[in-house]
Amino acid sequence: MTVKQVDDLDAVVLGAGFSGLYMLYRLREAGYTTRVVEAGDGVGGVWYWNRYPGAKCDIESIYYNYTFSKELYQEWTWTSKYPEQKEILSYLNYVADKFHLRKDIQFNTRITAAHYDEAANRWRVQMNDGTSVTAKFFISGAGCLSAANLPNFKGLDRFKGDWYHTGKWPQEKVDFRGKRVGVIGNGSSGVQAIPEIAKEAEHLTVFQRTPQYTIPARNYLYDPAFVQKTKNNYEQIKRIMHETPTGNGIQFGQVSALEDSPEERIKVYEKAWQEGGFAFTSTYNDLFTNEEANKTASDFIRSKIRETVKNPETAEKLLPNYLFGTKRPILDTGYYETFNRDNVTLVDVKKSPVEEITPNGLRTSEEEHELDILVFATGYDGMTGPLFKIDIRGRDGVSLKEKWEDGASVRTYLGLATAGFPNFFMITGPESPSVLVNMPTAIEQHIDWIADCLEYMSQNGVETMEASREAEEEWSRHCREVAEMTLYVKTDSWYTGANIEGKPRSFLIYLGGFLNYKQKCNEVADSGYEGFTLS
Ligand code: N01
């Protein structure tokens, strides 16, 4: 389907993932001419690109969907507790078809630049095919984790085998049979891919820099009667997604881990471990704020690793020693068990760092490992990375990158807007709760807010909406203060930017809770957009 070519639109939206699709739906409903620009040849965003073996979501599927359409909720049937990538991609394709969204999506196209023209009050959006378009509003649905991090390993260009990044997986199946495979990285992506690759490869070598905590997902097929019940309870699902702290049905424990006796605590942890999923992270109310409480959970997981992994030396290498949960907790299916397989080797690259990729494999400071396939599960330049891939310039030609001083001082108002960039909105932008809430919840809340804001502008003859410097200073300061009160800032992770060489450290996710955040957003809107300059 070809997108109707017009030179001037009401809005250009970047990306056709969960964000872009619903943003398009809302804008179209309000009568705006809109074009969504998408680099892939299909919808889905992260679920389009992350096709690696084992890729699935760590949020329960009944909560991992849109709530804007009751009819859609009734029509779609999830098959398992944690949905696989394929199923989520099918869901998003179904959404695109049901609401006839494709006709306004330009696929196979990257936005390379978006410059604000002050005199015309228009954004000029430049594409990689040489075309450009102007629009009153420029809205980013680029997501938080769409800029893949491929570390600069010496020699990769000489590698004779095939290599892949988990976040840019090819559409066709990668055949690992009879192959010697190396995986670098053991975050959420690596932990999901490793057990699946191990089942197929002749030999798998896992290059691990930092051991991670992972909890069994214990995924299972849904009973159709259960799914029907959730459909019948759509209003309740919607309420859980939008009116609870994490939007995913998880209830947090009410007491401190230190209030229970050691014996009682073990029982609580064991029960949550057997249940699987994030039940474990929510057993007590202070696991992420009190180091002593945190240690009890960390110790429990370490004991599980020792119990599961048969080779004591390998088990030791797998023991994490950072504060549990300060990197995103991971859910797995048979991860630690994978290291009991004869065809799997674990290499500690903190002890013996990767020196170079050779034509035939990878050399650490200790030895060379011969490999046919290399998989980089090395993560993302989170939050700012997707925005910095595009040359976004606001007033006076100042780029977002310059304004945020290469990330050293990111400043946003509510993660939705930033001063100097009128009529530019970010869906789940830096300094909003984003990835620490159920993403579809965070996305719907942001999009509804933006759509309502545009409606207000139209009804009140407002041509530009721009965050004030004072409001964003205050919001950014508040974000930093809240982060400092938690344990998150004590650990190097992509949350803090520490995973990207040279990226300045800052915590770019709002940790004050989704409900507080939503209330603040609503108050701003109800007050006639306090903190924004309207003209
Ligand atoms: O990336 P990561 P990810 N040499 O940054 C290692 C979401 N997600 O793609 O810890 C050697 O977590 C790095 O080592 P270290 C989710 O929010 C969700 O796995 O930096 N190793 C680490 O082991 C998640 O948090 C789902 O020492 C290097 C790994 O690569 C986020 O995406 C599934 C290295 C990167 O881990 C990112 O997860 C997948 C180097 N030079 C992703 N550079 C679900 O919903 C990096 N590493 C389940």
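When a ligand or atom number is given, it counts from 1 through the structure's own listing order. Since the model is a prediction, treat every value here as computed from it, not as a measurement.
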Applied to residues 481-490, the side chain to side chain donor-acceptor pair (under 3.5 Å) test, sequence neighbours excluded, yields E291-K490
Any chance NZ of K173 has more than 12 other-residue heavy atoms, nucleotides or ligands included, within less than 6.0 Å?
-> yes
Examine Y269 together with Y284 and report whether their ring centres are nearer than 6.0 Å. yes
Hits for side-chain hydrogen bond (donor to acceptor under 3.5 Å, both in side chains) against Y413, two or more places apart or cross-chain, chain-then-number order -> none
Chain-and-number sorted residues having a heavy-atom contact under 4.0 Å with ligand 1 are Y52, K56, C57, D58, L145, P151, F153, I184, G185, N186, G187, S188, S189, Q192, R209, T210, K327, R328, A377, T378, G379, Y380, W494
By ring pair (Phe, Tyr, Trp, His ring centres under 6.0 Å), Y63 pairs with (sequence neighbours left out) none
| Do the two ring centres, one from F68 and one from Y22, sit under 6.0 Å apart? | yes
